[in-house]
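One structure is given below, encoded as structure tokens.
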Amino acid sequence: MLSWEDDVQAHALRQQGWSISAIARHLGVDRKTVRAYLSGQREPGRRQRTQPTVIEPFLEYCRLRLADDPHLWASTLFDELVGLGFTGSYPSLTAAVRAHQLRPHCEPCQVVRGRDVAIIAHPPGEETQWDWLELPDPPAAWGVGRQAHLLVGALAHSSRWRGVLAEAEDFPHLVEALDAVVRRLGGVTQVWRFDRMATVCLPSSGRITPAFAQVAKHYGVHSVVCPPRRGNRKGVVEKANHSAAQRWWRTLDDEASLAEAQAGVDQLAAKMDDRRRVHDGERTSVGVLAEAERLRPAPVVAFPAEFDLVRTVTPQALVSFRGNRYSVPPGLGGAQVHVRHRLGAEMLRIVTAGGATVAVHHRAPDGAGRVVRDDGHVVALEQAALGAFSTQRPCSHKTRRPPSAAALAEAARLRGLPATGPAARVVIDLSTYAATAARLDRAPTYESKED
């Protein structure tokens, strides 16, 4: 490898008429090296690689993934490559993406956008920021429709975040997800900050609703609502949403179950606790900052919000709820019932549309795949099934069965003919007509005329 000084000297000597061999002897290098630098094949200060880099076996995979998704995060791609055996560093991956131009150009994304933002100081243990993340096109097996929902809570001081999947964004699901995230974060801060969720406040005025006021009292927090159109006011949780969407949801497998998806987001959130930070001039991490936050313990039990979910009864007299099935009395197959469950309670009730309670069960753990049956329901279902069972031979579909007298009478009524009365019993004698026709068959003769 030639230094910049040697390269300049080699070019100067060449212009003075020196041969390549003379320049090589003067600089103490090989002639092929001098020739390569003079022709521009090699650059000064950069050593020529003699063996492939660690990224080269993975270049084709990177090219395919970025062609499929030009906006795939490099950190997400790095996670995938590590699972495939990549031993290089994250900076070596990003350098390879730039050097080999692996990421396709996206013209709409080149538009410069942004605005000045202020840095808001958050003391330890002061604030938790909350936001819903709508997840489009969830796996069909989840049965949640066109969108899944992830409630994300982030500690404003340390940026530690956790998320919990929910079926909907209504009040009971919000309370259940809030409680689960609080326990994953390790405690409760002084303030909870929300955007203008309809389940938390009145969107028009920003005033907290009476229902959520009881939740805030239960957890002992002060609830704060962001001003309208001020998304940057809770930028910590917005960044967490972006990370969850790009590094977890974007690459989630179509066959992943709800429990596997929740485990995946928990794993990503714990992994991101290793992010590096500089605090008061010292290098630290998100996890270290989070452990130093002064969080109050969460309440022993969750706020008792009540779920009221509509479910359809199966022909086996079962109702699905949270990955388990619960029995109801027979005769309700295909009907819609309400599953009512109070958060933190051990029992759930199944109620008809008219308000009658038809079943009460102990709740099984979510996703356990259990079938919870009441003994009385089992006996009643067996009796109903046996009562409807017959040992007779099936009917033959080729038997001749003309319309009955009642059917003929109804057909006559439809045609406007009387079904009863004298007209229905008229008998026409055709013998007179037959005799007349017989005489007409014979032609008249002259003898008959003379007579």
Side-chain angles (χ1 to χ4, degrees), residues 138-145 147-151 163-184 218 255-266 298-389:
W142 292 10
V144 296
Q147 283 187 337
H149 309 273
L150 181 75
L151 182 69
V164 171
L165 286 164
E167 296 181 20
E169 297 182 6
D170 55 12
F171 182 76
H173 285 96
L174 170 66
V175 175
E176 182 184 36
L178 276 172
D179 185 80
V181 172
V182 163
R183 300 182 190 282
R184 282 172 166 82
H218 180 80
E255 304 299 328
S257 65
L258 197 59
E260 292 172 345
Q262 182 62 60
V265 72
D266 289 340
V300 178
V301 295
F303 180 80
E306 185 169 1
F307 291 87
D308 189 348
L309 306 177
V310 178
R311 294 291 187 268
T312 302
V313 182
T314 66
Q316 294 79 24
L318 295 174
V319 175
S320 298
F321 179 71
R322 297 288 181 86
N324 301 290
R325 293 183 294 173
Y326 301 87
S327 67
V328 295
L332 295 175
Q336 289 190 335
V337 295
H338 295 258
V339 180
R340 295 178 180 174
H341 167 64
R342 189 179 295 272
L343 194 61
E346 297 181 357
M347 310 295 292
L348 62 82
R349 296 184 299 128
I350 301 177
V351 183
T352 63
T357 300
V358 294
V360 179
H361 293 285
H362 283 278
R363 183 183 173 187
D366 292 349
R370 298 180 183 176
V371 178
V372 182
R373 290 186 179 272
D374 183 85
D375 293 339
H377 296 165
V378 174
V379 174
L381 182 62
E382 290 179 354
Q383 292 177 351
L386 292 176
F389 184 74

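Counting begins at 1 with the first residue of the sequence.
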May I ask you to decide if [Y]'s main-chain N or O and [X]'s side chain share a donor-acceptor pair within less than 3.5 Å?
X: D374; Y: V328; answer: no
X: H341; Y: M347; answer: yes
X: Q262; Y: A259; answer: no
X: Y326; Y: V360; answer: no
X: W142; Y: A256; answer: yes

Test log, rule side chain to side chain contact (heavy atoms under 4.5 Å, CB included), inputs Q316 and S327: CA-CA 8 Å; Q316 294 79 24; S327 67; over 6 Å; no

Contacts of type side chain to side chain donor-acceptor pair (under 3.5 Å), residue E169, not counting sequence neighbours: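 Here the qualifying residues are H149.
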
By side-chain contact (heavy atoms from CB on, under 4.5 Å) - contacts of [X] (at least two apart):
X: A298; result: V182, R183, V188
X: R342; result: P304, E306, A345
X: R325; result: L318, S320, V371

Intermediate values then yes/no, side chain to side chain contact (heavy atoms under 4.5 Å, CB included), H338 and L309: CA-CA 5 Å; H338 295 258; L309 306 177; over 6 Å; no

Where do [X] and [Y] come nearest, in terms of heavy atoms and distance?
X: L151; Y: V181; result: O-CG2, 3.8 Å
X: V265; Y: G163; result: CG1-O, 4.0 Å
X: G369; Y: N324; result: N-OD1, 3.1 Å
X: I350; Y: V337; result: CG2-CG2, 3.7 Å

Set of ring-ring contact (aromatic ring centres under 6.0 Å, His included) partners for F307, sequence neighbours left out: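 Partners of F307 under the ring-ring contact (aromatic ring centres under 6.0 Å, His included) test: H173.
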
Steps toward side chain to side chain contact (heavy atoms under 4.5 Å, CB included) verdict (L174, L178): CA-CA 6 Å; L174 170 66; L178 276 172; 4.0 Å; yes

From T357 atom OG1 to R349 atom CZ, the distance as rounded to the nearest 0.5 Å: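 Reported to 0.5 Å precision, the distance equals 4.5 Å.
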
Ring geometry between H218 and F303 (parallel below 30°, tilted from 30 to 60°, perpendicular above 60°):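 It falls in the perpendicular class, over 60°.
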
Salt bridge (Lys or Arg N to Asp or Glu O under 4.0 Å) against D308, all qualifying residues, sequence neighbours excluded: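 Checked D308 against salt bridge (Lys or Arg N to Asp or Glu O under 4.0 Å); matches are R340.
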
